[in-house]
Amino acid sequence: MRIDILSLFPDMFQATLGESIIGKAQDNGFLDIKVTDFRDYTDNKHNRVDDTPFGGGAGMLLQAQPIFDAMSAIDEEIKGQYPKGRVILMDPAGRKFDQEYAQELSQEEHLTFICGHYEGYDERIRNLVTDEASLGDYVLTGGELAAMVMIDATVRFVPGVLGNMSSPMGDSFSNGLLEYPQYTRPADFRGMKVPEVLTSGNHQKIKEWRQRESLRRTLERRPDLLKTAKLNHEQQLMLEDLKLEQDPDVPD
């Protein structure tokens with residue numbers, strides 16, 4: 001997968017995307033990530049990329065010209081190597097990012113993230129865009145942090161990045177539920193013991209325990225997720241059991 005990022009602050013991405021799992025994935029050829037400082041493409045003699053909005057108002061807007069020219073340069077560079085993929089504008093008014101969105105984006109061969117700053121964008125920049133995305137109902141000083149979060153969550157689903165593809169599929173939200181509790185050695189740490197079933201070697205019992213605890217955690221912490229989770233018959237029975245545990249006075 002090729003990922004292009006347009007930003008005025010390219011150094012912000014080095015520590016996050018150049019280290020650990022994502023850094024190794026780039027070294028091993030599973031990811032190709034390039035950050036472009038779109039200030040390099042401005043035709044303003046003072047190197048400016050922003051200006052005041054027509055009609056007045058507070059703040060400054062990113063101009064269309066540097067973004068359009070940076071995008072043209074990227075298109076020329078990847079020609080014949082990658083198809084023109086989705087272009088994502090980081091915007092608090094955009095589609096809310098979640099695990100399903102991450103899996104969707106991971107199917108693409110090429111992604112481009114446009115990170116804004118200042119008050120906003122010249123509206124004509126949206127002509128380049130296929131997606132507008134947001135992390136939630138709050139505003140950041142720029143799109144860089146949001147882009148890093150989206151990239152990190154997305155590339156975990158790219159084959160080879162994590163090594164074991166069962167890992168991301170078992171994460172919280174991947175099946176509509178929160179992940180079950182996990183433990184490692186020692187089995188008894190200062191009197192806090194690992195549930196016996198996990199050391200029993202009985203894989204069927206372990207699977208059932210994990211399903212039950214995943215449902216329990218979701219019911220306790222994010223019951224809203226259960227409205228859309230696709231549960232099989234066995235999970236539905238477990239959930240009814242757990243609800244009775246929570247409130248035994250509820251009639252059947």
Side-chain angles (χ1 to χ4, degrees), residues 1-19 21-51 60-91 93-95 97 101-134 142-161:
M1 173 186 274
R2 162 80 177 233
I3 298 176
D4 280 284
I5 304 160
L6 273 63
S7 169
L8 291 173
F9 304 96
D11 290 346
M12 287 182 67
F13 293 88
Q14 182 54 41
T16 300
L17 304 182
E19 302 289 339
I21 290 172
I22 298 179
K24 290 176 183 175
Q26 292 181 77
D27 292 341
N28 292 329
F30 296 114
L31 298 174
D32 178 11
I33 301 177
K34 181 180 179 183
V35 187
T36 297
D37 184 346
F38 58 84
R39 191 183 298 276
D40 294 341
Y41 291 88
T42 182
D43 59 12
N44 182 278
K45 64 181 181 180
H46 301 296
N47 228 26
R48 290 183 59 174
V49 295
D50 63 324
D51 211 332
M60 307 287 279
L61 299 179
L62 284 177
Q63 295 173 298
Q65 177 271 316
I67 301 292
F68 270 74
D69 286 1
M71 287 293 295
S72 294
I74 290 171
D75 289 345
E76 189 63 31
E77 181 183 341
I78 68 168
K79 187 184 296 183
Q81 301 178 60
Y82 297 93
K84 185 171 175 61
R86 288 161 75 167
V87 179
I88 301 154
L89 186 71
M90 308 312 304
D91 191 308
R95 173 183 170 184
F97 185 66
Y101 198 176
Q103 287 181 262
E104 181 184 319
L105 292 177
S106 73
Q107 304 303 306
E108 302 290 329
E109 290 184 53
H110 181 221
L111 298 173
T112 301
F113 291 83
I114 301 176
C115 305
H117 246 74
Y118 311 115
E119 178 65 21
Y121 307 92
D122 184 306
E123 186 68 18
R124 291 165 290 192
I125 291 171
R126 299 184 197 276
N127 291 316
L128 296 168
V129 170
T130 61
D131 297 65
E132 297 178 26
S134 167
E144 284 79 10
L145 291 174
M148 287 185 230
V149 168
M150 288 187 67
I151 292 166
D152 190 292
T154 296
V155 301
R156 300 177 79 256
F157 292 100
V158 174
V161 170

Peer 1: I3 versus D32: any side-chain heavy-atom pair under 4.5 Å?
Peer 2: no
Peer 1: Measure across M1 and Y82 and return the closest heavy-atom pair with its distance rounded to 0.1 Å.
Peer 2: C-CE2, 4.4 Å
Peer 1: Calculate, to the nearest 0.5 Å, the distance between atoms CG and CD belonging to D131 and E108 respectively.
Peer 2: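 Answer for the CG-CD pair, D131 versus E108, is 8.0 Å.
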Peer 1: Do I22 and I33 come close enough that some side-chain heavy atom pair is under 4.5 Å?
Peer 2: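 Heavy-atom side-chain distance check passes, below 4.5 Å.
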Peer 1: Of the options T36, D37, D40, which is the one that meets P10 in a side-chain contact (heavy atoms from CB on, under 4.5 Å)?
Peer 2: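 Exactly one pass, corresponding to D37.
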Peer 1: Which value, rounded to the nearest 0.5 Å, describes the distance between R156 atom CZ and D152 atom CG?
Peer 2: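 Separation between the atoms: 7.0 Å.
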Peer 1: Mind listing the closest non-hydrogen atom pair of H110 and P83 along with its distance?
Peer 2: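 Here H110 and P83 meet closest at CB-O, 3.4 Å.
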Peer 1: CG/L61 to CD1/I125 distance, rounded to the nearest 0.5 angstrom?
Peer 2: 8.5 Å
Peer 1: Please indicate whether E109 has more than 12 foreign heavy atoms, meaning atoms of other residues, nucleotides or ligands, lying under 6.0 Å from its CD.
Peer 2: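 At most 12 heavy atoms, drawn from other residues, nucleotides or ligands, come within 6.0 Å of this atom.
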Peer 1: Using a 4.5 Å cut-off on heavy atoms from C-beta on, say whether the side chain of I5 contacts that of L17.
Peer 2: yes
Peer 1: What I'd like to find out is whether the side chain of D91 reaches to under 4.5 Å of the side chain of Y121, using heavy atoms alone.
Peer 2: yes
Peer 1: Walk me through it: do E132 and R126 pass the test side-chain contact (heavy atoms from CB on, under 4.5 Å)?
Peer 2: CA-CA 9 Å; E132 297 178 26; R126 299 184 197 276; 2.8 Å; yes
Peer 1: Once you round to the nearest 0.5 Å, how far does NZ of K24 lie from CZ of F30?
Peer 2: 12.5 Å
Peer 1: Check whether any side-chain heavy atom of M71 sits under 4.5 Å from a side-chain heavy atom of K84, and report yes or no.
Peer 2: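 The answer is yes; the side chains approach within 4.5 Å.
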Peer 1: Before you tell me yes or no, could you show the steps for H117 and E144 under side-chain contact (heavy atoms from CB on, under 4.5 Å), namely the whole-Å CA-CA distance, both residues' side-chain angles and the distance that decides it to 0.1 Å?
Peer 2: CA-CA 9 Å; H117 246 74; E144 284 79 10; 3.0 Å; yes
Peer 1: How long is the gap from CD1 on I78 to CG on D4, to the nearest 0.5 Å?
Peer 2: 6.5 Å
Peer 1: Should we say atom CZ of R124 is surrounded by more than 12 heavy atoms from elsewhere, each under 6.0 Å from it?
Peer 2: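 No, CZ of R124 has 12 or fewer neighbouring heavy atoms, counting only those of other groups under 6.0 Å.
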Peer 1: Can you give me the closest heavy-atom contact between Y41 and P66, atom names plus distance?
Peer 2: CB-O, 3.8 Å
Peer 1: Got V49 and N44 here, is their nearest side-chain heavy-atom distance under 4.5 Å?
Peer 2: no
Peer 1: Should R48 and T42 count as side-chain neighbours, where that means a heavy-atom distance under 4.5 Å?
Peer 2: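 Side chain of R48 against side chain of T42, heavy atoms only: no contact under 4.5 Å found.
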Peer 1: Between L62 and G116, which heavy-atom pair has the shortest distance, and what is it?
Peer 2: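 Looking at all heavy atoms of both residues, the closest pair is CD1-CA, 3.5 Å.
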Peer 1: Would you call T154 and F97 a side-chain contact if the rule is heavy atoms closer than 4.5 Å?
Peer 2: yes
Peer 1: So how far is it from I67 CD1 to L89 CG, rounded to the nearest 0.5 Å?
Peer 2: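 If we round to the nearest 0.5 Å, I67:CD1 and L89:CG are 8.5 Å apart.
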